[in-house]
Amino acid sequence: MAKARKNLLIYIGMVAFFGVLIYGTLREGSRFSHLEGVEPTAGSAFGFFREMVIGNLTYSLALLMIQIIVVLLTVRLFAWLCRLIGQPGVIGEIVAGIVLGPSLLGALFPDIFYFIFKPESLVNLKLVSQLGLVLFMFVIGMEVDFKVLKNKINETLVISHAGILVPFFLGTLASYRIYEEYAASYTSFLPFALFMGISMSITAFPVLARIVQERNMTREPVGILSIASAANDDVTAWCLLAVVIAVTKACSFTRALYVVGLTLLYIVVMFTLVRPFLKRVWDVYINKEVINKTFVSFIFLVLVISATITEVLGIHALFGVFIAGVVMPPNMGFRKIMIDKVEDVALVFFLPLFFAYTGLRTEIGLINTPDLWLVCGLLVFVAVAGKLGECAVAARLVGESRRDSYVIGTLMNTRGLMELVALNIGYEMGVLPPSIFVILVLMALITTFMTTPLLSLEKWLFKQPVTTESGKKKLVLSFGYSLTGVYLLRIYRMLYGEKLKSQQVIAAHYTVGTDLYPEIAMQYYEESFVPVEREALSLGVTLDKRYRVTNNLNHEIIRLSREEDPDLLLLGGGPTFMISKKGNYFLLRLFLLFSGKRSKILWHMFRGLLLYL
């Protein structure tokens, strides 16, 4: 205590002594004021402060920060609203971008709109959003799993390339109908038709992968085939987009041959030289506990060099970033680490700025005639018929069932963010007129939005008879913590004894957070069931597993109860669990409502039904 008081006195004395010296120095320096030639500002101190604040608000950096705050808040709100209705969060993010643009904010509150999004300030927003796209495309490239492609190469080639060729043809065919009236004054027919074709051909691999994950299809053959087909589609479509950009800039196929040839050489070099070299570099670092900053900076240097090469060749920097992600070492440990480092910043911070920038260029009011709305309907129909229809037909031709073919076609019809990237490239190159750009943005939104409802119709369209084994009871346990699953299984053992071996036992586990990378979700799935599987093996019990990534845990548990219709359900929620008899959904809902700290209320209300571990 005495030492602390002594230190305080020393500190006060030091501040006071040097404060007096500084004040004296500055006071003596005031005699130079006649040399400065600056007159003191007239007016009150508050007026000066007010003018300073207003001036700072119009400063480019401060305005960019305000734009980022508005965009992030709006995007999170709309993503949350979309998840409430069972839609992917990316739908809400795209809608948020349009809401912030001239279509809504600019129309209802023009003064606020032009204050926040001044035209001259959008250059900064564009540059930052492009940086986000670079990081995002790097992640997309790393998410391409060649093992999945190799295992399903025959089916995926047919499905994915049918889902590119047919929509591409239909898109170029549709361009005959609309070019003369809506695009002739902006660009020549060749680049316009090519961009119309590519806009119909793209599948949003990241959105598709997360929908497959949310619907618990990652381990089903149809889910694996859909992801593999989408990955193949992604790689092919981006290579095709590079060719389209080259042809567009050269204005003819023959002039573009140099660019296409050099691009093919670049791809060959990346796969035959750079990829093996990166794998050897990773083998050096694989035994280290952490990846140091030198290695991470090296990876980003490869990313930037690849982007620069493709930009110089005359295609687009994003293609180079995508290829850089694809040729990264195949080790999933490495890819997980790099994705963890990049994905959150890219998805949460940068990509919403891209959605906002796209929304600022999407003015739905440009579709202001019945003919333009007919064109919009035509392009949406062509997009759905070409992608969903042809992928479903191709899946059926390679031997998939009617149900699986429908699911594959529906998933491949998802366009999402990848479509917006291609459309923005076409718009910036002056190929897509503003009205057609808006129509194609709406097409991307509609085809992504319709995926979840169409998948929900699958069970109704392709009803399968439910078979139950006679004499067996269906026993379900749902656990949060891994060890809780073990305790719940032991309770079943106490209740049924040796008869448990002849019953149908289902174990369910849920991971909350649908933004989870699919490969990481699979890792969580495998790790979470290890203790309960080990216990089941020791008891001689056959265990059926159910796993899902979700944003609404309570909803999933209710759905589990309704779909499985168990004779008995043990529900673990951390430190507590409950027992619910068959069909007692009201009690289950009530437990979920009061679970957590208030679960003791139910302990008194339903003694004997609720237990503590």
Side-chain angles (χ1 to χ4, degrees), residues 91 94-95 98 101 103 161-204 207 233 237 240-241 244 248 358-359 361-394 406 409-427 429-454 457:
I91 291 285
I94 297 173
V95 171
I98 296 175
S103 300
H161 288 180
I164 289 177
L165 293 173
V166 175
F168 196 98
F169 165 71
L170 293 178
T172 56
L173 194 63
S175 64
Y176 278 98
R177 164 67 178 80
I178 62 178
Y179 171 73
E180 186 174 0
E181 186 172 355
Y182 300 106
S185 60
Y186 288 89
T187 184
S188 59
F189 176 75
L190 177 63
F192 178 74
L194 290 176
F195 263 97
M196 288 297 297
I198 200 68
S199 67
M200 299 294 161
S201 307
I202 289 177
T203 291
V207 179
D233 186 293
L240 186 59
L241 178 62
V244 169
T248 300
T358 304
R361 301 199 284 189
T362 305
E363 188 173 355
I364 298 178
L366 293 176
I367 314 177
N368 51 13
T369 65
D371 287 343
L372 277 171
W373 282 109
L374 285 175
V375 171
C376 182
L378 169 67
L379 294 184
V380 171
F381 173 78
V382 168
V384 174
K387 199 72 172 178
L388 189 155
E390 187 54 36
C391 286
V393 170
Y406 171 83
T410 301
L411 289 169
M412 293 292 287
N413 189 48
T414 303
R415 284 172 174 84
L417 172 63
M418 307 305 291
E419 175 78 2
L420 295 187
V421 174
L423 294 181
N424 274 276
I425 292 173
Y427 188 76
M429 293 178 65
V431 175
L432 298 177
S435 58
I436 300 301
F437 173 76
V438 173
I439 288 173
L440 292 176
V441 169
L442 289 178
M443 180 270 289
L445 195 60
I446 292 169
T447 53
T448 308
F449 186 87
M450 65 192 298
T451 301
T452 301
L454 288 178
L457 287 175

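Residue numbers run from 1 in the order of the sequence given. Any value given below was found using the heavy atoms of this structure, including those in side chains, with hydrogens, waters and symmetry copies removed.
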*Any side-chain heavy atom of Phe195 within less than 4.5 Å of one from Met429?*
yes
*Can you find a heavy atom in the side chain of Met200 that is under 4.5 Å from one in the side chain of Leu379?*
yes
*Are side-chain heavy atoms of Glu390 and Leu170 found at a separation under 4.5 Å?*
no
_When you compare the side chain of Ile94 with that of Thr448, does any pair of heavy atoms fall below 4.5 Å?_
no
_Close side-chain approach of Met412 and Asp233, heavy atoms under 4.5 Å_ = yes
*Look up atom CG in Asn424 and atom OG1 in Thr358, then write down how far apart they are to the nearest 0.5 Å.*
4.0 Å
*Of the options Phe192, Phe189, Tyr182, which is the one that meets Tyr176 in a ring-ring contact (aromatic ring centres under 6.0 Å, His included)?*
Phe189
_Using 0.5 Å steps for rounding, measure from the CG atom of Leu442 to the OG1 atom of Thr362._
7.5 Å
*State the CG-OH distance between Leu190 and Tyr179, to the nearest 0.5 angstrom.*
10.0 Å
*Quick one: does Val382's side chain get under 4.5 Å of Arg177's, heavy atoms only?*
no
*Side-chain contact, heavy-atom cut-off 4.5 Å: Glu419 with Ser199?*
yes
*Pairwise distance CE(Met196) to OG(Ser175) - rounded to 0.5 angstrom*: 6.5 Å
